[in-house]
Each structure stands twice: as C-alpha cells, then as structure tokens.
Amino acid sequence: MSLEGFKDLLPEITDVNAPYWEGLNAGEVRLQTCGSCSARQHPSESFCYACGSTDIAWKPSTGEGEIYSFIEVHQLYNAAFKDHLPYVVAIVQLDDGPRILGAMLGLDGEPEIGARVKPAIKQVDDERAVLTFELA
Ligand SMILES: [Zn+2]
C-alpha cells in the first residue's frame, strides 16, 4: 500500500529531533536518554521531562512493547490514509522506554489491549521513514 502523502504529515526535522528521524532511516528506533536520571523520553526535547537536565543522549530502543490503548479509525481524515482504512492508532508502552504513538496498518480486525507489538519502520521516500507497529 502506498505511503504517498505521509511525508506531508511528518514534522519538520530540527536539531532536537534529527537523531530520531535518522534512526528510523537506518531502520532503528532511537530514544533520548537522560544522562542525569536515566529517564527515556519521546517525543524529543532539548531537556529531560523528568528532571530538567540538558544532558541528553540518544540510544537505540528495541521498539518492542505492548498496546496500552488504541483507536480504530474508519473515517478518512487525511487523503494519505485513503488506502489504509480502517487502521489502528495505538499507544504502545515500550519495554525499554516511554509510551509512544504509532499507526498499525493492515490489521485484520482490532488488536487486544496488552498485545505484544514490534516496530514496523516504513520508508515513505528516499529521505523519510515512519514508525508504525505490527503484532509480534
Ligand atoms: Zn532526567
């Protein structure tokens, strides 16, 4: 299925978030990790959400976890998703990090809360990739 149109939905790459997007392009989920309190966070910021430290490093994540919550979308809100209806938007509790939002495309029915998921990084074009999830 085409991911054409997804690029227009992606946030601008900034100094703060560039490592996240570079990681996806390399096929890897990367999360910020605080050098002071070890908290891991997403989305990226120039300081730690937990303690305010600016000692932030990027480290790989397995991207694996379980579905904390989800919605199944049947309404076409954006033309980029026209080939994907219905699709799931899940809040995933990562095993090694925070909760993170991601689409689940091509599921056959609704997933279950607590279902194990793994990252399914999809290339949008030569420059950008997006994080989606699939059942593990
Ligand atoms: Zn911290």
Side-chain angles (χ1 to χ4, degrees):
M1 282 186 263
S2 171
L3 298 180
E4 193 177 330
F6 276 47
K7 187 169 184 177
D8 296 336
L9 306 175
L10 298 177
E12 188 176 325
I13 293 175
T14 66
D15 290 345
V16 171
N17 70 20
Y20 173 78
W21 297 105
E22 290 164 3
L24 292 182
N25 277 339
E28 180 177 87
V29 178
R30 294 177 184 162
L31 295 175
Q32 287 185 314
T33 303
C34 177
S36 180
C37 76
S38 300
R40 305 194 83 190
Q41 65 184 23
H42 182 84
S44 53
E45 189 45 271
S46 57
F47 56 88
C48 172
Y49 295 139
C51 76
S53 171
T54 56
D55 180 13
I56 299 286
W58 287 88
K59 296 189 176 169
S61 165
T62 63
E64 296 174 359
E66 65 180 38
I67 296 175
Y68 175 80
S69 186
F70 72 91
I71 58 168
E72 189 174 46
V73 180
H74 294 264
Q75 177 76 33
L76 185 61
Y77 293 106
N78 187 293
F81 287 89
K82 68 180 177 347
D83 295 335
H84 303 283
L85 289 174
Y87 61 91
V88 165
V89 178
I91 298 173
V92 172
Q93 175 63 61
L94 296 174
D95 294 338
D96 59 2
R99 291 179 189 147
I100 189 168
L101 199 65
M104 298 182 75
L105 306 175
L107 284 181
D108 183 18
E110 291 185 356
E112 291 187 18
I113 298 294
R116 296 290 305 167
V117 296
K118 60 185 179 182
I121 297 169
K122 296 185 185 300
Q123 206 68 37
V124 173
D125 63 15
D126 291 343
E127 298 175 353
R128 300 292 294 266
V130 293
L131 175 61
T132 70
F133 289 96
E134 62 188 20
L135 293 173

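Just so you know, ligand 1 is whichever comes first in the structure, and atom 1 is the first atom listed for that ligand.
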Phe47 and Ile56: same hydrophobic cluster, using ILVMFWY side-chain contacts below 4.5 Å?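 No; Ile56 is not reachable from Phe47 via cluster members.
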
Would you please say whether a donor-acceptor pair under 3.5 Å links the side chains of Asn17 and Ser44?
no

Side-chain donor-acceptor pair under 3.5 Å between Gln123 and Asn25, yes or no?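 Yes, side-chain donor-acceptor contact under 3.5 Å.
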
Geometric class of the Phe6/His84 ring pair [parallel <30°, tilted 30-60°, perpendicular >60°]: perpendicular

4.5 Å side-chain heavy-atom contact, Val92 and Phe70: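 No, their side chains stay 4.5 Å or more apart.
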
Strictly under 2.8 Å of the Zn ion (ligand 1): which protein N/O/S atoms qualify?
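Less than 2.8 Å away from the Zn ion (ligand 1) sit Cys34 SG, Cys37 SG, Cys48 SG, Cys51 SG.
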
Arg40 side, atom CZ; Trp58 side, atom CH2 - distance, nearest 0.5 Å: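 One finds 10.0 Å between CZ of Arg40 and CH2 of Trp58.
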
